Structure formats: structure tokens, C-alpha cells
Trainee: 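My questions will all concern the structure given below.
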Amino acid sequence: MVWGEYPAEFNPKVHGPYDPARFYGKKDTPFTQVRLRELGSWLARRNKTPRAATQAVSRAWWRWQQKYLLPEKMGVAPFIQIAVGSMAFFYLINYTKYKAHRTQKYHW
Amino acid sequence: MLSRLAARSIRLAHTSSSASQAAASATPATTNEERNEVDFPRTKRPIHPAPVRMGFIPETWFELLYSKTGVTGPYVLGTGLITYLVSKEIYVIEHEFYSGVIMAMMAAYGIKKFGPTVAATLDDQLAKEKEEMLSGRNNTIKALTEGIAASELSAEQAKGQSLLFQAKRDNIGLQLEAAYRQRLQSVYAEVKKRLDYQLEKSNVEKRFEQRHMVDWIVQNVRQSITPAQEAASLKQCITDLKALAARA
């Protein structure tokens with residue numbers, strides 16, 4: 001396992017300084033512009049190794065950071081977003097406990 | 001000469017402004033042909049974060065739904081979703097919910113009250129740090145621009161030297177003219193002095209001759225007057241006087 005190295009497709013002469021939020025691989029149609037009939041082939045083209053998944057999550061985290069946390073005059077939004085996100089996540093993983101605390105038996 | 005100076009200063013300002021424009025638009029020192037500036041532009045650190053509504057909901061979500069559902073779309077979506085989750089008890093209102101509500105109210109109050117002052121303090125600190133980090137670069141830039149201005153000024157002054165030499169040449173010409181005229185004047189004075197001397201000499205001679213001649217004549221006449229003539233003339237004078245006295 002190779003840790004801490006740049007992705008293989010990154011070339012400093014072409015791409016300039018490394019930006020962790022950018023994908024340096026082969027360009028593909030963005031997910032929001034994929035037609036429904038092309039969805040199967042699009043998913044087949046994805047790189048489904050754990051390493052690629054980790055890299056995707058890392059890029060998404062860096063994109064969020066560069067948008068809300070790293071600007072010079074950041075506001076309070078990232079803290080609230082993290083709080084709300086962790087609230088939602090922990091509610092989800094404890095859902096069975098909350099389900100047991102329902103006050104009504106029948107719902108509309 | 002002043003019009004020459006004005007034309008020179010205008011030409012200098014024109015060349016310096018064009019030189020600075022060329023320097024500003026010039027590419028960095030090393031040109032890399034492979035660098036793909038279009039697809040992979042250099043990332044800049046943004047100054048302001050993306051706008052959010054109600055503290056944490058990104059504005060882009062509202063803009064996405066605006067074309068289909070107008071202004072109230074996202075709010076209706078949120079309200080409907082919350083109503084659905086609460087009424088079906090997918091989101092169970094537990095005892096922790098109320099402590100969460102109170103915590104949210106306290107957080108909102110704290111943010112509203114202390115947000116601006118904290119932001120101002122942090123902005124000051126940020127500005128100081130930025131200035132510290134960029135001080136070396138900015139100082140070098142300032143020193144170099146001042147050096148450029150100083151060297152341009154000295155070039156301008158060097159050009160002015162030729163004017164100075166011309167002025168000095170004219171000055172020396174004037175001095176030579178003045179010396180020449182002074183010498184002419186002294187020559188004239190000397191010549192006049194000599195001529196005046198000659199004139200005075202001739203005048204003195206004439207006067208002397210005249211006086212001498214008169215004295216000599218008078219002396220000779222006096223000598224020629226014999227005593228007999230003198231007695232006769234005396235008698236004649238007495239008779240004349242008597243005649244005059246008789247008439248008066």
C-alpha cells in the first residue's frame with residue numbers, strides 16, 4: 001500500500017501545483033449530466049477499489065473545506081453544518097433505539 | 001529652452017508608462033508550454049465563503065429549485081419534510097429534543113451577539129499576519145520601483161547636462177564680449193587722454209606765447225615812451241581835464 005504519494009495521473013508540469021480537491025484522472029461526464037440509459041455504463045467505468053473510494057471521499061472533504069472553512073473571512077456556517085451533519089449521522093446509527101421510544105402506536 | 005524641457009518630460013513620462021505596462025503584462029520568468037492553464041487553472045484562496053441561508057443551508061440549493069418552484073419552493077420542501085418525519089414519528093420527539101432546542105436557541109443568541117466582534121478581531125489578526133508574510137515581497141517590489149524611478153530621474157538629469165553646458169558656453173561668450181568691450185573702452189580712454197594732452201599742450205603754448213607777446217609789447221612800448229613824450233602827454237592830459245572841468 002502506498003501512502004502519502006500524489007495520484008499516478010498527477011503531472012506537475014501540466015497541472016501546476018497539486019490541488020487535493022481536483023480529480024486528475026481521465027475526464028468523464030459529471031454525475032448530474034448522465035442520461036438514465038447511460039447510467040449502467042457510467043457506473044461500470046467507475047474505479048471501485050477501496051483506494052479510489054477513499055480518494056473520492058478525501059476530494060469531497062477538501063472541496064467542502066475550500067468552500068466553507070479555508071476562505072480568509074470564513075463565517076460560522078461550517079461549524080453549524082458539521083453539527084447538523086453529525087446530529088443526522090448519529091440519529092441514523094441509533095435509529096432502532098429511537099424507534100423504540102415512539103409515543104404513538106399508529107400514524108397517519 | 002523651456003519648451004525643450006517640456007517636450008523632453010512628456011517623452012520621458014510616455015516611455016516610463018509604456019515600460020511599466022509591458023512589465024505588468026509580461027508572463028513569469030519560466031514559460032512552460034505543457035502547462036494546461038484552461039482545464040487546470042491555479043487555485044486561489046477565496047476571500048469569502050459560499051453564501052448560506054439561515055446560517056448553514058447553502059444558497060445554491062435555493063437557486064437550484066428557483067426555476068421550478070420559485071422562491072418558496074425550498075421552504076415548502078423543508079416544512080413538508082419535517083412535518084412528514086415528525087408525524088410518522090420517523091423523527092421521534094424525545095426528551096433530548098427539548099434540550100437540543102434550548103441549546104440551539106442559546107447558540108443562535110451567542111452567535112448573533114458576539115459574532116461581529118469576534119469576526120473583527122480575527123480580521124485584524126489575519127491582516128497583520130498577511131502583511132507580515134508578504135512584507136518581504138512587498139518591500140522588495142517597493143525598493144525596486146523606487147530604484148527604477150531614481151535611475152530614470154538620474155537619466156533625465158544627465159540629459160539636462162547638455163543644456164547646462166550650452167548655458168555655460170553662452171555665459172563664457174558673454175564674458176568674452178564684456179572683456180572685449182572693456183578693452184575697447186580703455187583703448188578709447190587712452191587715446192582720448194593722449195589727444196587731450198596734445199590739445200592742452202597747444203593751448204598752454206598759445207596762451208604763454210600770447211602773454212609773453214603782450215608783456216613784451218607793453219614793455220617795449222613803455223621803454224619807447226621817452227621822458228619828453230611822457231611830459232608832453234601829461235600836459236595834454238591836464239589841459240583836457242581842465243576843458244572837461246570847465247564844461248561840467
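From a predicted model like this one, the values you see are computed outputs, not experimental measurements.
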Trainee: Begin from the C-alpha positions of K99(A) and V92(B) and carry the test side-chain contact (heavy atoms from CB on, under 4.5 Å) through to its verdict.
Mentor: CA-CA 7 Å; K99(A) 198 160 140 186; V92(B) 178; 5.9 Å; no

Trainee: I'd like to know whether CD of E37(B) has more than 12 heavy-atom contacts from other residues, nucleotides or ligands below 6.0 angstrom.
Mentor: yes

Trainee: Say you draw a straight line from CG of L126(B) to CD of E72(A); how long is it, rounded to the nearest 0.5 Å?
Mentor: 5.5 Å

Trainee: P71(A) and I47(B): which non-hydrogen atoms are nearest, and at how many Å?
Mentor: CB-O, 3.8 Å

Trainee: Hey, is the main chain of G16(A) close enough, under 3.5 Å, to the side chain of R42(B) for a donor-acceptor pair?
Mentor: no

Trainee: Counting only heavy atoms not in R183(B), do more than 12 sit closer than 6.0 Å to its CZ atom?
Mentor: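 No, CZ of R183(B) has 12 or fewer neighbouring heavy atoms, counting only those of other groups under 6.0 Å.
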
Trainee: Drop me the distance from T43(B)'s OG1 to R22(A)'s CZ, to the nearest 0.5 angstrom.
Mentor: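 Going from the OG1 atom of T43(B) to the CZ atom of R22(A) covers 5.5 Å.
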
Trainee: For E89(B) versus T103(A), what's the shortest heavy-atom pair and its separation?
Mentor: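 That closest heavy-atom pairing would be OE2-OG1, 2.9 Å.
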
Trainee: What's the separation between atom CE in M87(A) and atom CD in E96(B), rounded to the nearest 0.5 Å?
Mentor: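 It is 11.0 Å, given to the nearest 0.5 Å.
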
Trainee: Do I90(B) and Y98(A) come close enough that some side-chain heavy atom pair is under 4.5 Å?
Mentor: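 Contact flag for I90(B)/Y98(A) side chains = no.
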
Trainee: Check whether Y106(A) gets within reach of chain B through its side chain, its backbone, both or neither, counting any heavy atom under 4.5 Å.
Mentor: neither

Trainee: Looking only at the aromatic ring of each residue, does the gap between the centers of F79(A) and F56(B) stay below 6.0 angstrom?
Mentor: no

Trainee: Is N36(B) in contact with chain A via its backbone, its side chain, both, or neither, using a 4.5 Å heavy-atom distance?
Mentor: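 Both backbone and side chain of N36(B) come within 4.5 Å of chain A.
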
Trainee: Taking the six-membered ring for Trp, are F40(B) and Y24(A) closer than 6.0 Å centroid to centroid?
Mentor: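 Ring centroids of F40(B) and Y24(A) are less than 6.0 Å from each other.
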
Trainee: Give a yes or no on whether W42(A) atom CH2 has more than 12 heavy-atom contacts from other residues, nucleotides or ligands under 6.0 Å away.
Mentor: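 Counting neighbours around CH2 of W42(A), more than 12 heavy atoms of other residues, nucleotides or ligands fall under 6.0 Å, so yes.
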
Trainee: With a cut-off of 6.0 Å (strictly less than), are more than 12 heavy atoms of other residues, nucleotides or ligands near CD of Q198(B)?
Mentor: yes

Trainee: Could you grab the distance from atom NZ of K44(B) to atom CD of Q66(A), nearest 0.5 Å is fine?
Mentor: 13.5 Å

Trainee: Would you find more than 12 non-hydrogen atoms of other residues, nucleotides or ligands less than 6.0 Å from K113(B) atom NZ?
Mentor: no

Trainee: More than 12 heavy atoms of other residues, nucleotides or ligands under 6.0 Å from OH of Y95(A): yes or no?
Mentor: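 Yes.
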
Trainee: Within a 6.0 Å radius of atom CH2 on W62(A), are there more than 12 heavy atoms belonging to other residues, nucleotides or ligands?
Mentor: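 Counting neighbours around CH2 of W62(A), 12 or fewer heavy atoms of other residues, nucleotides or ligands fall under 6.0 Å, so no.
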
Trainee: Could you look at A50(B) and say if it's the side chain, the backbone, both or neither that has a heavy atom under 4.5 Å from chain A?
Mentor: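 Both the backbone and the side chain of A50(B) come within 4.5 Å of chain A.
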
Trainee: Distance check, rounded to the nearest 0.5 Å: H15(A) atom NE2 versus R35(B) atom CZ?
Mentor: 9.0 Å

Trainee: Answer yes or no: is there a side-chain heavy-atom contact under 4.5 Å between P58(B) and Q81(A)?
Mentor: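 Yes. Closest side-chain heavy atoms under 4.5 Å.
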
Trainee: Which one, H48(B), K88(B), K130(B), leads in non-hydrogen pairs under 4.5 Å with chain A?
Mentor: K88(B)

Trainee: Give a yes or no on this: more than 12 heavy atoms of other residues, nucleotides or ligands lie within 6.0 Å of atom OH of Y91(A).
Mentor: yes

